[in-house]
**Student:** 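Right, I'll just put the structure down here and ask away after.
Here the structure is a predicted model, which is why all the values come from computation and not from measurement.
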Amino acid sequence: MERVRRILYAPPLARAGYLYATAVGLTLGAVLGTGRIRRVDGLFVCTGMPTWAFRRGGTCVGGVYLTDRNADARVLRHEGVHRQQWKTYGMMFPLLYALAGQDPLHNHFEIEAGLQDGNYLAR
């Protein structure tokens, strides 16, 4: 994984991808969400999203967390780690996440973000 990180990590390109994804996430949150957009520890949180707009309990797009109502402190801590992953990998993150697999118990990005905080394991 470290070798892949060195190859793919290009700060200006990753930052541009992160900012683009954040703009897309904010647009989706503003257009589709019914809740107030708030900022928690650098993460934009958009609630009131239709459930077809995300998988599982919500999704992080750049620096934006899109969800219907799943936004307690533990989940936001988990999504904050995904925000950092977006900052590291930029637009490569969705591809790398997909390659890591759909099972959160074996996906290293979910493990890094904390399976308990993400409600994948009981506390």
**Student:** Determine yes or no for a side-chain-to-main-chain donor-acceptor pair under 3.5 angstrom, with R83 supplying the side chain and G42 the backbone.
**Tutor:**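 At least one qualifying donor-acceptor pair exists.
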
**Student:** Is the Y18 to W86 ring centre distance short of 6.0 Å?
**Tutor:**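 No: the rings miss the under 6.0 Å criterion.
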
**Student:** Apply the side chain to side chain contact (heavy atoms under 4.5 Å, CB included) test between I37 and each candidate in T47, V45, L26; give the one that qualifies.
**Tutor:**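 It is L26, the one option of T47, V45, L26 that forms the side chain to side chain contact (heavy atoms under 4.5 Å, CB included) with I37.
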
**Student:** Please name the pair of heavy atoms, one in G90 and one in P94, separated by the smallest distance, quoted to 0.1 Å.
**Tutor:**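 Scanning both residues completely, I find the closest heavy atoms to be O-CD, 4.0 Å.
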
**Student:** Give me each pair satisfying side-chain hydrogen bond (donor to acceptor under 3.5 Å, both in side chains) with a member in residues 94-107, each pair once, sequence neighbours excluded.
**Tutor:**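 Those involving residues 94-107 are R55-Q102, R56-Y97, Y97-E110, D103-H106.
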
**Student:** According to a 4.5 Å side-chain heavy-atom criterion applied to Ile, Leu, Val, Met, Phe, Trp and Tyr, with indirect links allowed, do L43 and L66 form part of one hydrophobic cluster?
**Tutor:**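 No, L43 and L66 fall in different hydrophobic clusters.
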
**Student:** Are the side chain of T22 and the backbone of G62 linked by a donor-acceptor contact shorter than 3.5 Å?
**Tutor:**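 Not a single qualifying donor-acceptor pair exists.
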
**Student:** Taking the side chain from T59 and the backbone from F54, do they hold a donor-acceptor pair closer than 3.5 Å?
**Tutor:**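 Pair absent, no side-chain N/O of T59 close to backbone of F54.
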
**Student:** Considering all heavy atoms of both residues, which atom of V75 and which atom of D72 are nearest to each other, and what is their separation?
**Tutor:**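 Closest approach of V75 to D72: N-OD1, 2.9 Å.
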
**Student:** Are V24 and Y89 joined in one hydrophobic group, where the rule is that I, L, V, M, F, W and Y side chains link up if heavy atoms are under 4.5 Å apart?
**Tutor:**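 Yes, it is one cluster - the side chains of V24 and Y89 are joined through contacts under 4.5 Å.
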
**Student:** Is there a path of hydrophobic side-chain contacts, each under 4.5 Å between heavy atoms of I/L/V/M/F/W/Y residues, joining L28 to M91?
**Tutor:**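 Yes; L28 is reachable from M91 via cluster members.
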
**Student:** What heavy-atom pair brings Q85 and A113 nearest, and what distance separates the two atoms?
**Tutor:**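 Result for this residue pair: NE2-N, 4.5 Å.
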
**Student:** For L32 and A53, which heavy atoms make the closest approach, and how far apart are they?
**Tutor:**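 Nearest heavy atoms, L32 then A53: CD1-CB, 4.5 Å.
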
**Student:** How far apart are the C-alpha atoms of V40 and Y65, what are their side-chain angles, what is the distance that settles it, and do they pass the side-chain contact (heavy atoms from CB on, under 4.5 Å) test?
**Tutor:** CA-CA 10 Å; V40 179; Y65 176 53; over 6 Å; no

